[in-house]
Amino acid sequence: MDNTTVSAPVSGDADLVQKARTGDLVAFERLVRLHTPTVYAHALRFFDDPTAAEDIVQEVFIKVYRALGDFDGRSRFSTWLFRVTHNTCLDHARAGRRRPIPIDPLTVELTDPDRMDDRTALSATVEKALRTLAPDDREALQAVSIFGLTYAEAGAEFGVPAGTVKSRVFRARRALASILGGSAGGLQ
């Protein structure tokens with residue numbers, strides 16, 4: 001599975017959700033296809049294990065399918081999906097089924113760019129750099145940059161003010177820029 005491709009929030013999510021709630025399996029399948037890369041990327045960053053990430057994706061969409069009738073539409077689908085994904089990752093970690101991989105930023109080995117093509121090298125290097133971030137900063141960055149949540153939406157999910165999320169995202173981007181030796185402008 002390509003963990004470098006993430007989907008942006010889709011304006012048609014509300015329509016797809018409404019159709020899926022009435023039993024339209026094609027609409028649900030479309031939601032799954034649109035959002036699988038995002039869920040996979042979040043789980044992969046959480047556990048650093050492709051197999052665990054694939055398991056999380058399956059479990060998340062089973063939960064989404066079962067709970068779709070409870071989705072009230074007060075938030076965007078992507079916000080709700082972030083909550084389901086994040087909680088599923090936490091549940092797996094708490095149950096000991098999967099363990100988040102702690103990485104010491106001082107010992108991280110960046111990928112040798114001479115051994116792979118530019119896109120693969122950049123992706124692997126960014127993934128390793130992301131894992132060195134403080135968990136709160138990494139989660140805030142993922143919520144805003146990958147799931148497309150606003151600072152206010154992410155703040156509501158984490159139980160902190162929007163300004164705290166903004167600070168965490170700023171800190172994460174600054175740390176990534178330092179680790180990667182360049183500008184984090186492309187991570188916005």
Side-chain angles (χ1 to χ4, degrees), residues 1-9 32-61 63-64 77-111 116 119-151 153-155 157-158 160 164-182 184-188:
M1 180 172 282
D2 178 11
N3 62 356
T4 60
T5 305
V6 292
S7 62
V32 170
R33 287 182 189 274
L34 287 169
H35 294 285
T36 289
T38 304
V39 173
Y40 180 83
H42 183 81
L44 184 63
R45 287 185 183 102
F46 196 94
F47 292 110
D48 190 32
D49 178 355
T51 302
E54 289 172 2
D55 291 346
I56 295 295
V57 168
Q58 290 179 4
E59 187 170 333
V60 163
F61 285 109
K63 287 180 177 182
V64 166
F77 178 75
S78 60
T79 303
W80 184 64
L81 182 61
F82 172 80
R83 185 179 323 121
V84 173
T85 302
H86 187 70
N87 288 342
T88 302
C89 288
L90 289 174
D91 290 347
H92 276 254
R94 283 186 204 117
R97 290 180 282 197
R98 303 283 185 205
R99 303 180 104 197
I101 306 296
I103 294 184
D104 180 355
L106 300 176
T107 63
V108 69
E109 291 180 33
L110 298 179
T111 304
M116 48 182 71
R119 182 176 174 188
T120 304
L122 178 62
S123 175
T125 301
V126 169
E127 288 297 326
K128 286 182 180 183
L130 281 167
R131 289 191 301 270
T132 68
L133 299 176
D136 287 344
D137 294 350
R138 183 176 53 242
E139 290 297 319
L141 181 66
Q142 287 184 152
V144 171
S145 296
I146 294 175
F147 277 85
L149 274 61
T150 64
Y151 293 123
E153 289 170 334
E157 290 304 313
F158 296 129
V160 299
T164 300
V165 174
K166 194 172 192 176
S167 295
R168 289 175 180 175
V169 170
F170 174 79
R171 231 183 357 254
R173 288 179 176 152
R174 186 179 61 204
L176 286 175
S178 175
I179 291 166
L180 297 171
L187 297 171
Q188 296 176 15

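Keep in mind the model is a prediction, meaning the values are calculated, not measured. We number each residue from 1, following the sequence as shown.
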Subject >> Heavy-atom donor-acceptor pair, Q58 side chain to D55 backbone, under 3.5 Å >> reply: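 It does not hold such a pair.
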**OP:** Without swapping roles, check the side chain of T164 against the backbone of V160 for a donor-acceptor pair under 3.5 Å.
**Re:**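 No, T164 side chain to V160 backbone: no donor-acceptor pair under 3.5 Å.
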Subject >> Ring centers of H35, F77 separated by less than 6.0 Å >> reply: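 Yes: the rings meet the under 6.0 Å criterion.
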**OP:** Under the side chain to side chain donor-acceptor pair (under 3.5 Å) rule, collect the residues that match up with K166, sequence neighbours excluded.
**Re:** none
Subject >> Between H86 and E139: side-chain donor-acceptor atoms closer than 3.5 Å >> reply: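 Per modelled atom types, H86 and E139 side chains form a pair under 3.5 Å.
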At what distance, to the nearest 0.5 angstrom, does [atom1] of [X] lie from [atom2] of [Y]?
| X | Y | atom1 | atom2 | value |
| --- | --- | --- | --- | --- |
| D137 | R168 | CG | CZ | 7.0 Å |
| R45 | L133 | CZ | CG | 10.0 Å |
| L81 | F147 | CG | CZ | 5.0 Å |
| Y40 | T85 | OH | OG1 | 14.0 Å |

Subject >> Minimum side-chain heavy-atom gap F82-V39 below 4.5 Å >> reply: no
Original post:
Do F47 and H92 have side-chain heavy atoms sitting under 4.5 Å apart?
Top reply: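 Answer yes - side chains close enough.
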By side-chain contact (heavy atoms from CB on, under 4.5 Å) - contacts of [X] (at least two apart):
| X | value |
| --- | --- |
| A43 | A53, I56, C89 |
| N87 | R83, L90 |
| V169 | A140, L141, V144, Y151, V165, R173 |

**OP:** Run the salt-bridge test on K63 and D91 with the 4.0 Å N-O cut-off and return the result as yes or no.
**Re:** yes
Subject >> Check against side chain to side chain contact (heavy atoms under 4.5 Å, CB included), D136 and F158 >> reply: CA-CA 9 Å; D136 287 344; F158 296 129; over 6 Å; no
